[in-house]
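The structure appears right after this line, and notes come after that.
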Amino acid sequence: MPSEGAIAATSDVNRIEAPVTWKAYLLCAFASFGGIFFGYDSGYINGVLGVQQFYQRVEGQDSTGLTSPHTSLIVSILSCGTFFGAIIAGDISDMIGRKWTIIAGCLIYIVGVIIQIAMTNGLGMIVAGRLIAGLGVGFESAIVILYMSEICPRKVRGALVAGYQFCITIGLLLAACVNYATNENPDASAFRIPIGIQFLWGFILGGGLLFLPDSPRFFVKRGRVEKARAALARVRGQPAESEYVEAELAEIIANEEYERSMIPAGGWVNGWMNCFRGSLFKSNSNLRKTILGTSLQMMQQWTGVNFIFYYSTPFLASTGAISDVFLISLIFTLINVCSTPLSFWGVERIGRRPLLLWGALGMLICQFIVGIVGVTVGFNKTHDIAPPGAAEPIPRANNISAVNAQIAFICFFIFFFATTWGPGAWIVIGEIFPLPIRSRGVALSTASNWLWNTIIAVITPYMVGADQGNLRSSVFFVWGGLCTCAFVYSYFLIPETKGLSLEQVDRMMEETSPRTSAKWKPSTTYASEMGMKDGAKLDGSAIADVERKGSIF
């Protein structure tokens, strides 16, 4: 049924959104808790791989560690699950809503954790459990970004979405602390405790979201205008009849009408095909935005950060220069956590584009320094010693100071990543897609993240394993070269979206290029372009049209 009430519009680009209140701020920020899923799962496996009780259950009681193929499979299978989870979640979020899709992901994740805890001997249960948990993480990682981008106030949207990355770092830190506390346990609790703690994250996020509203833009997309009004009032901390709620809702509806005229609705196949329509050379085409979103997440994975957090424990142990590799991993994680909050300020004050550009430059310098020092006097230069009672000789670095310098520059690299590309990639993918393809565009971008996460997790053991490529420090030349690609990519392709509503981002990308986007300022609203002046009403027939079109999936 069409809505009976009309909606007041505005032509003032500064009044299409209510002032930020603490209630609205905290409501939006809670969803970022989902980052703990990603971070903790990435972090706990780094420590568990080196736990004797774990690898002996996989390889046998006489083993001294996991083989490279098994390490590759165990680490990468979660990312494989998340890839498919992210793709599936895009469609599900358009059918049942952003909020309920995230809750469904929490339940799937909990099932995967149960299977991992029940692990006995062999690969089967740990691989199956991580695959299923990965599906849940895929739901969460794609739709939390979508949900936050759609409900966050534009003035603090970047900072709030950066909170997702901050929660990823908190998850990594918690995993490192738990690993450090349990790795010497003499029984199966050495790996079951780190796995079991994941229950908490599913219960907290899923339970908390039950009390939060769904995205107003989802309701507009589905033609439920009055529900969109109620949801918008809650996330903005305003009465439903507030002029701000009226103006923002009118702008969302007007933009939806405009986008539907540009992107015709259709069936399931047509919905996916819309993501790939348009010219490669037009910055506002759907194809260009899809390529931008997927390649941005690919570049984030190419930085090599997952090498540090997935494999730093066995890698550092192989040098013989570090007496407590778990402690060094904990330090890496602490730097990641402490650095990320700086992005809250930087992404809103400096902007998305400069942050990613200079972040890539800082990372590539650090990576090349680590590689150069390593192949000359650092990690790669070792000698064997034979401690009393040792069955085999143990490698020791020739130059401990050089190794310490490498560790220092790895810390600098983590700082640059945590303040720039870590949160920046997630922020931009949530902002660049128009509403008709936003859920699928964000899903594809997130799936790209997990696809490259999987690829890097699979190939890295073969690159650095002593029984395989044995690149050691030379692997940092690979990451440095890829960070150089990220620097060039940032300059030519990343637009500036700071301070714009999601509807204004779409107009900016239509009227400017990435290199000139920072100078663009909004001059009109979508509602005013539909012939509506200040205080004019979006009448019942227009609302009815939105409701009718929204009923088509």
Side-chain angles (χ1 to χ4, degrees), residues 1-9 16-18 24 27-28 31 89-104 143-144 146-153 209-261 263-268 271 274 430 433-443 501-503 506 526-527 530 532 537-553:
M1 293 292 293
S3 301
E4 295 179 3
I7 299 172
I16 59 169
E17 192 173 271
L27 194 70
C28 297
D91 276 342
I92 293 177
S93 72
D94 273 349
M95 290 188 285
I96 67 174
R98 300 6 177 173
K99 162 182 162 179
W100 292 106
T101 303
I102 298 170
I103 292 172
I143 308 307
V144 162
L146 174 63
Y147 179 67
M148 292 183 69
S149 296
E150 290 191 339
I151 68 171
C152 289
L209 279 173
L210 289 172
F211 302 97
L212 268 62
D214 213 323
S215 161
R217 289 175 169 88
F218 160 71
F219 286 127
V220 169
K221 179 179 175 68
R222 299 295 288 166
R224 303 169 189 171
V225 176
E226 287 309 307
K227 286 190 175 183
R229 182 199 296 270
L232 193 59
R234 287 189 64 189
V235 299
R236 295 292 178 259
Q238 298 281 326
E241 64 276 6
S242 161
E243 62 176 297
Y244 291 108
V245 171
E246 292 262 312
E248 185 172 357
L249 184 56
E251 186 71 357
I252 294 171
I253 291 172
N255 174 259
E256 166 72 356
E257 286 288 281
Y258 172 76
E259 293 293 352
R260 282 188 185 276
S261 69
I263 309 172
W268 181 81
N274 281 336
F433 294 102
L435 184 56
I437 66 164
R438 186 173 295 141
S439 61
R440 290 182 171 113
V442 173
S501 71
L502 296 182
E503 290 70 37
D506 191 53
Y526 279 97
M530 291 177 66
M532 301 166 61
K537 297 285 185 175
L538 187 65
D539 60 30
S541 63
I543 295 172
D545 191 46
V546 171
E547 292 180 336
R548 179 182 58 80
K549 291 177 180 177
S551 66
I552 303 171
F553 175 60

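On a predicted model such as this, the values are computed, not experimentally measured, just so you know.
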Exercise. Can you tell me how far CZ of Phe219 sits from CD of Glu226, rounded to the nearest 0.5 angstrom?
Worked result: 12.0 Å

Problem set entry | Taking every non-hydrogen atom, the tightest pair across Gly430 and Val442 | CA-CG2, 4.4 Å

Exercise. For Ala443, which residues count as a side-chain contact (heavy atoms from CB on, under 4.5 Å) partner, sequence neighbours excluded?
Worked result: none

Exercise. For Ile151, does its backbone N or O pair with a side-chain atom of Arg236 as donor and acceptor, under 3.5 Å?
Worked result: yes

Exercise. In terms of side-chain geometry, is the basic nitrogen of Glu246 or Arg229 positioned less than 4.0 Å from the acidic oxygen of its partner?
Worked result: yes

Exercise. For the residue pair Leu435 and Lys221, what are the closest heavy atoms and their distance?
Worked result: O-NZ, 3.7 Å

Exercise. Does a side-chain heavy-atom distance below 4.5 Å link Val225 with Leu249?
Worked result: yes

Seminar exercise, completed: Interatomic distance, CG@Leu210 vs CH2@Trp100, rounded to 0.5 Å, equals 5.0 Å

For this session: Search all heavy atoms of Ala31 against all heavy atoms of Val144 and return the closest pair with its distance.
Result: O-CG1, 3.4 Å

Exercise. Rounded to the nearest 0.5 Å, what separation is found between the CZ atom of Arg217 and the CD atom of Glu256?
Worked result: 11.0 Å

For this session: Kindly compute the distance separating CZ (Arg222) from CG (Asp94), expressed to the nearest 0.5 Å.
Result: 7.0 Å

Problem set entry | Sequence-distant partners of Ser215, side chain to side chain donor-acceptor pair (under 3.5 Å), two or more places apart | Glu150

Problem set entry | Interatomic distance, Lys227 atom NZ to Phe218 atom CZ [nearest 0.5 angstrom] | 8.5 Å

Problem set entry | Closest heavy-atom pair and its distance - Asp214, Lys99 | OD1-N, 3.3 Å

Exercise. Do you know which two heavy atoms are closest between Arg98 and Tyr147, and how far apart they sit?
Worked result: CB-CD1, 3.7 Å

Problem set entry | side-chain contact (heavy atoms from CB on, under 4.5 Å) partners for Thr101, two or more places apart | Ala89, Ile92, Ser93, Ile96, Phe139, Ile143

Exercise. For Ala230, what residues pass the side-chain contact (heavy atoms from CB on, under 4.5 Å) criterion, not counting sequence neighbours?
Worked result: none

For this session: Give, for atom CG of Leu232 and atom CD of Gln238, the distance between the pair rounded to the nearest 0.5 Å.
Result: 9.5 Å

Seminar exercise, completed: Nearest heavy-atom approach of Val220 to Ala228 is CG2-CB, 3.7 Å

Problem set entry | Asn274 side chain near Arg440 side chain, heavy-atom distance below 4.5 Å | no

